[in-house]
Amino acid sequence: MISELIQELKGMYGREMGSGYFKHNVRKSSELEIDICDVLESLKPYEMQTTVDNDLVMINVNGVQWVEVYNYIEDYANEIHHINSYNWNSPISNNIDYKVYRDLNTDLILIEMMTHYGITDIRCGYSDSIWLEFQSEDEFMEVLTESNKYLNVEYNNIEYYVDINILNDDVRVMLTEDDGEVNWEMKSKILEYMESNEYLNKEIK
């Protein structure tokens, strides 16, 4: 399922999609965004086995029994919370909406996650759910952060360190990894430069 979703998202690049206010050419993630496809790749090892039977999504429990997923959740899991990355203005290229459940049989954490296609209002326009299994919610968050970006950027002959964290709406810009952030004026100039054709063309060469 994750592999198919990645291919679907990549297949949208360069195509005009959406309607009205949301009509636009779908692009790849910018330099200051974390690519959703990288996030999905990191989640592959945690994807649960699923299949579709008469339009019902079935999950494999304990490697033996196939059960309808929502029946299983209703009978054997508790929802802990429901979160959308839009709510913390994540720098991810496509927002994710996910529910966290605790499996009462195994004490494992089950994640139901949908990806926003980016061509409608945030309240709709999501992919089908993927189902993930983790030892803990902290493990899930750690895997998400594997896609964080750490960039070295040269601006006016000075090298800066740029930290883009999927769990933080603020991009950090420092002279080195161990330094405090540069002032707001300099930070704004560097981030603007990173979105300019001058920087992008330099990176392509």
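Since this is a predicted model, take the numbers as computed values, not measurements. Only this structure's heavy atoms are used, side chains among them; waters, hydrogens and symmetry mates stay out.
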Closest heavy-atom contact between [X] and [Y]?
X	Y	value
H116	T120	CE1-O, 3.1 Å
D103	Y72	OD2-OH, 2.8 Å
Y155	K189	OH-CB, 3.7 Å
Y13	C37	OH-SG, 3.8 Å
I83	H81	CD1-CD2, 3.6 Å

Quick check: Y46 with F140 (ring centres under 6.0 Å apart)?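 Not close enough - the centres of the two rings lie 6.0 Å or further apart.
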
Examine V67 and L56 and state if one hydrophobic cluster contains both, with Ile, Leu, Val, Met, Phe, Trp and Tyr joined whenever side-chain heavy atoms are less than 4.5 Å apart. no

Check: I166 main-chain N/O paired with S90 side-chain donor or acceptor under 3.5 Å: yes

For the backbone of E33 and the side chain of K149, can you confirm whether one donor and one acceptor N or O come within less than 3.5 Å of each other?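 Judged by distance alone, yes, a pair lies under 3.5 Å.
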
Could I get the full list of salt bridge (charged side-chain N to carboxylate O under 4.0 Å, His left out) partners for E47, not counting sequence neighbours?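 Result, salt bridge (charged side-chain N to carboxylate O under 4.0 Å, His left out) vs E47: none returned.
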
Salt bridge (charged side-chain N to carboxylate O under 4.0 Å, His left out) contacts touching residues 107-122 (sequence neighbours left out):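 Sorted pair list: R102-D107, D121-R123.
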
Do other residues, nucleotides or ligands put more than 12 heavy atoms under 6.0 Å from E159 CD? yes

Just checking K10: does its NZ atom have more than 12 heavy atoms from other residues, nucleotides or ligands closer to it than 6.0 angstrom?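 12 or below, so no.
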
Residues E154 and Y160: side-chain donor-acceptor under 3.5 angstrom: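 Per modelled atom types, E154 and Y160 side chains form no pair under 3.5 Å.
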
Can a side-chain donor-acceptor contact be found between Y126 and N84 if the only test is distance below 3.5 angstrom? yes

